[in-house]
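Within every chain, numbering begins at 1; the chains are lettered A, B, ... in the order of the sequence lines, protein sequences first and strands thereafter.
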Amino acid sequence: MPSIGRDDVARLADLARIQLTEEETARFAGEFDSIMDAVASVSEVATEDVPATSHPIAMTNVLREDVVETTLTQEQALAGAPDAQDGRFAVPQILGEE
Amino acid sequence: MSASTRTSDIIRHSAATQAAALEAGEVSSEELTRAHFGRIAAVDGELNAFLHLNQDEALTTARDVDARRAAGEELHGLAGVPIAVKDVVVTEGQPTTAGSKILQGWIPPYDATLVRALRKAGLPILGKTNMDEFAMGSSTESSAYGPTRNPWDRDRIPGGSGGGSAAAVGSYEAPLAIGTDTGGSIRQPGAVTGTVGVKPTYGSVSRYGLIAMASSLDQAGPVTRTVEDSALLHELIAGHDPHDSTSLPDPVADLTAAARSQDVKGLRIGVIEELEGEGFAPEVRARFTESLDQLERAGAEIVRVTCPNFTYALGAYYLIMPSEASSNLAKFDGMRFGLRVIPEDHPTAENVMKATRGAGFGDEVKRRILLGTYALSAGYYDAYYGSAQKVRTLVQRDFAAAFEQVDVLASPTSPTVAFRLGEKIDDPTAMYMNDIATIPANLAGTPGISVPSGLAEDGLPAGIQFLAPARADARLYRVGGALEALLEDSWGGPLLAKAPELTNGAQR
């Protein structure tokens, strides 16, 4: 099993969009190896002949009638927003990012 | 008996008894609701079971129920009985934080389906209960708002993630509460606080309006002081919901009748060999064995069964759960609701997301999101997430084979009694072991109940868990109700009567 080092944790944090401190990065790196060791046993029994189950109850598409129903009002939808302007969510700059 | 004496006594009775007193006109819902707020004021400063109290609205509901009852209106059987709701369930107009700083101050614009059912039935909602952040934990220590303490010993954890709901019910702050169970978060707190906790069949109670951690595992359910109360609440919140695509269309069974049947003659109970040996404390096992002896004397048949793949369930869970959590929690990005942290340099959307999530999430949430991101990443997906989903198949096969032989399965609910605050907080793998007995049911979608089995080490409560096939929740109430009656006969009353008294913050 590959070891999970600080650089790996930093890369995962970047993928997950979570800013970590140096201390957090170091601590998680130490913990992840022991956690992944503990879960490694799953591959022992997960042989090719065993099908995967993604959900406890067998699922098929569940579709409702295509009729208009009541939804949140614009005001309700924006009520918890950190910032809003002209009836829309105001978000930080998106264009111009690398 | 004066009204004040009557109401201070009645909060210690079951929800069913409180409902009967309301129906008989011996107490009003307003008196009952005020009595519970009085109890909260007296003891919650020590316990921290509630994150938010809903006093004005609860009393309005109570007065409305009283008026409707006085007018002769036919009401739901639990109308007027107060309830507490875990803070991961959204409540229109009332704060909902999921125990996280990232949602501090957020007021949902809608009700969860189960909350709508509670309101429709006329249950005053006392407030929102403390929990591990986003329901991630086994001790309620990962709440951003401080830990909840166990009513039996305030230096101990009340279990998790629903420690607030369990502590509220166990300390007579609320007769009923709602919990959610992703890997045992209703049953394990029930076991360590001497209360009853039920995880219904997956899909039988709507998840609409539950802030999701792991969508294929999460299930809301009752937290109560008696098996009958759980059945009454379970019947109220269960049923098909078109807002939840995983909601089962099945009619709700008569669970209350099952709880009251007191009959286990001929019931075959399977003891899961993999869930009673190594790692389970001797006194927890002793209470488990005594409970089985009681049931056997009452006519049940005890059978040993083996579920060999349960050994792998914990590992599979700790791959599936963080994987789903990493996806579900992506919406907490500081854009549309909740906390937004703007970094000083380069405040682009991506940097705002990183700063917001870095500041808004606690350690356990970060740890699980990163683990999930790892388990789902290219190159590791098949080895981790794919393998875990195969173990899920094997666990389901174990359940199917066991239920060929027996009607229900049994194990201790939690391997130990409540541990001390801080004891396992720095050791995630040790913390995760608390859920070893409860997790298989979440992987397979089967229902489970935890019932107090007696006092173990240090005079602290232990629980026994029963598991039934999916959609056969009534069997849990049959065996749980019967065992509760047998044990209470032997104890001379409910286990909670043995708990140290909590008054004005002073224990004993």
Student: With a 4.5 angstrom heavy-atom cut-off, is it the side chain or the backbone of Glu31(A) that approaches chain B, or both, or neither?
Tutor: side chain
Student: Considering only heavy atoms, give the residues of residues 48-55 of chain A separated from chain B by less than 4.5 Å, sorted numerically, with 'none' for an empty result.
Tutor: Glu48(A), Val50(A), Pro51(A), Ala52(A), Thr53(A), Ser54(A), His55(A)
Student: Does any backbone or side-chain atom of Pro428(B) lie under 4.5 Å from a heavy atom of chain A? Answer side chain, backbone, both or neither.
Tutor: side chain
Student: Heavy-atom distance under 4.5 Å to chain A: side chain of Ser326(B), backbone, both or neither?
Tutor: neither
Student: Would you say that Pro82(A) contacts Met335(B) through its side chain, given a criterion of any heavy-atom pair below 4.5 Å between the two side chains?
Tutor: no
Student: Is it the backbone or the side chain of Tyr317(B) that comes under 4.5 Å from a heavy atom of chain A, or both, or neither?
Tutor: neither
Student: Hey, are the side chains of Leu319(B) and Met36(A) touching, using non-hydrogen atoms and a 4.5 Å cut-off?
Tutor: yes
Student: Considering heavy atoms only, which positions within residues 16-24 of chain A lie below 4.5 Å of chain B?
Tutor: Ala16(A), Arg17(A), Ile18(A), Gln19(A), Leu20(A), Glu24(A)
Student: Identify which part of Ala90(A) has an atom lying under 4.5 Å from any heavy atom of chain B, answering side chain, backbone, both or neither.
Tutor: backbone
Student: Side chain from CB out, backbone as N, CA, C, O: work out which of these in Thr47(A) comes under 4.5 Å of a heavy atom of chain B, or both, or neither.
Tutor: backbone
Student: Quick one: closest heavy-atom pair of Leu370(B) and Val9(A), and the distance?
Tutor: CD1-CG1, 4.3 Å
Student: Side chain, backbone, both or neither: which part of Thr246(B) has a heavy atom under 4.5 Å from chain A?
Tutor: both
Student: What part of Asp382(B) is in contact with chain A, defined as an atom under 4.5 angstrom from a non-hydrogen atom: side chain, backbone, both or neither?
Tutor: neither
Student: Report yes if some heavy atom in the side chain of Ile35(A) is under 4.5 Å from a heavy atom in the side chain of Arg367(B); otherwise report no.
Tutor: yes
Student: Heavy-atom distances under 4.5 Å only: say whether Ile107(B) touches chain A with side chain, backbone, both or neither.
Tutor: neither
Student: Where does Leu248(B) contact chain A at under 4.5 Å (heavy atoms): side chain, backbone, both or neither?
Tutor: side chain
Student: Is chain B contacted by the side chain of Leu72(A), its backbone, both, or neither, given a heavy-atom distance below 4.5 Å?
Tutor: side chain
Student: Can you say whether Ala316(B) sits under 4.5 Å from chain A via the side chain, the backbone, both, or neither, judging by heavy atoms?
Tutor: both
Student: Considering only heavy atoms from C-beta outward, does the side chain of Leu78(A) approach that of Arg336(B) to under 4.5 Å?
Tutor: no
Student: Under 4.5 Å heavy-atom distance to chain B, tell me which part of Ala13(A) shows up: side chain, backbone, both or neither.
Tutor: both
Student: Asp8(A) versus chain B, heavy atoms under 4.5 Å apart: side chain, backbone, both or neither?
Tutor: neither
